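Contents: one structure, followed by commentary.
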Amino acid sequence: MEAFGQAPYDVSPHTEPLRVLVIDDDPSVSTAIQAILSRRNGETEIASRAHAGIHALASSHFDVVMIDIFMPGLNGLDTITHIRRGRTIPIIAMSGFRLRGLSGSDDYLDMAVQRGASGWLRKPFSPQQLFEAIEKSLCIRARDPIQ
Amino acid sequence: MSEATTSLPAPQGADSVPLSIERSRAASEIGAAIAHQLNGPLTALLLYVNDLHINSDRFQDDGRRGPSLKQIAEKALQEVERACALIQQISDASVAAPPDEAAITRGRDVIAWWSRAAPGAGRPLPVTDDRTLEDRAIEANSHDHVLTRREREVLRLVAQGLTNKEGALRLSIGPRTFESHRARIMRKFKAKNAADLVRMALQTGTPADGHETKADCTS
């Protein structure tokens, strides 16, 4: 915890701002992420629906995408599948549910990883967990040989 | 199974079992959905308060007696973390069976209805692609005038999440009478469970008739 006690902690130190796209139908979550990241050299765009998010991804550059699993319309899992068809961008899945999916012991966040998410965050999460998830997902992308 | 429920009112023993199973399933679905709804604001709180706490060294001592701002930030964080742990417990405990998207939407509807006075008042209800439910609601809509005044009252209380006992107490009638009113409404709406009932009631606008909503004052 103390590692992040040295404020201000930057998600993107000495470089261009980290561009983050948050796709979540709950504005409380997306605005809070935006606020927290903007204080740490992060630049966040918000999409309240999957389609708006997919459109945003197609029209501008992002370093990380954060996707809520439960959204009206196209859900997070299908959104991840859709994005993964053409992109290697790090994806962080988010969900408050600790539910079990229909396929036995699979949790929704596990399912998200199976569909290609680079990491996940169980809501509610702290800024520390948020930064760690972002860092980790960026490392995964850096090691990813596919382009 | 829904056949058994729609055949109410009937002798107490046989029908009270499936009804209470359905009620607990509906309560569980709605409980999970409520936890889901609270999760967003709590996530935001945890992010904000944590950030305040991380940076609380920068708070200037305002010279007041009592705990410092830094200590207050620490307390605030502890309480938010407690609330987060609670909501996780609720969402874990609520889920006996995996609720589908429709269940979540139903829970959302209930909350939307409860919170008509909230800043978002007047927004349309979330769209669902649960066609059959909507079809049934439309069908029910054409018959909703059949609901008696007492049935409307019962529906309103059921939608507020009251149990038969609580609802009966509120209306000063016996729980069995309350249950039979409720069963009759379910039959009229062709509802499978309480969540179903609430949703269709929302679509037909029935409960709002008898519900004193604060939204009227805010718009």
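Hydrogens, waters and symmetry mates play no part in the numbers below; they use all other heavy atoms, side chains included. Here is the naming used below: chain letters follow the sequence lines, and residue numbers restart at 1 for every chain. Note that the coordinates shown come from a computational prediction; the quantities given were computed from them, not determined experimentally.
The CG atom of B:L77 lies 9.0 Å from the OG atom of A:S126; values are rounded to the nearest 0.5 Å. Note that the CZ atom of A:R39 and the CD1 atom of B:I54 stand 9.5 Å from one another [nearest 0.5 Å].
The side chain to side chain donor-acceptor pair (under 3.5 Å) test applied to A:S38 returns no partner, not counting sequence neighbours. Applying the side chain to side chain donor-acceptor pair (under 3.5 Å) criterion to A:S28, with sequence neighbours excluded, gives A:D26.
Heavy atoms of A:L121 lying under 4.5 Å from chain B are absent altogether. Interface remark: A:T31 contributes backbone and side-chain atoms alike to the contact with chain B (heavy atom separation under 4.5 Å).
Counting heavy atoms from C-beta outward, A:M94 and B:N39 have side chains that stay 4.5 Å or more apart. For the pair A:F125/B:N50, no side-chain contact is recorded, criterion being any heavy-atom separation below 4.5 Å from C-beta on.
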Item to complete: With side-chain contact (heavy atoms from CB on, under 4.5 Å) as the test, would you mind laying out the steps for B:D51 and A:R40 before giving the verdict?
Response: CA-CA 11 Å; B:D51 208 33; A:R40 293 165 176 82; 2.3 Å; yes
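Nearest heavy-atom pair, B:T43 versus A:P124, reported as atom, atom and distance to 0.1 Å: OG1-CA, 3.3 Å. Heavy-atom minimum distance, A:I36 versus B:L47: CD1-O, 3.4 Å. Considering every non-hydrogen atom in both A:A35 and B:Y48, the closest pair reads CB-CE2, 3.9 Å.
Surrounding CZ of A:R49 are more than 12 heavy atoms belonging to other residues, nucleotides or ligands, all under 6.0 Å away.
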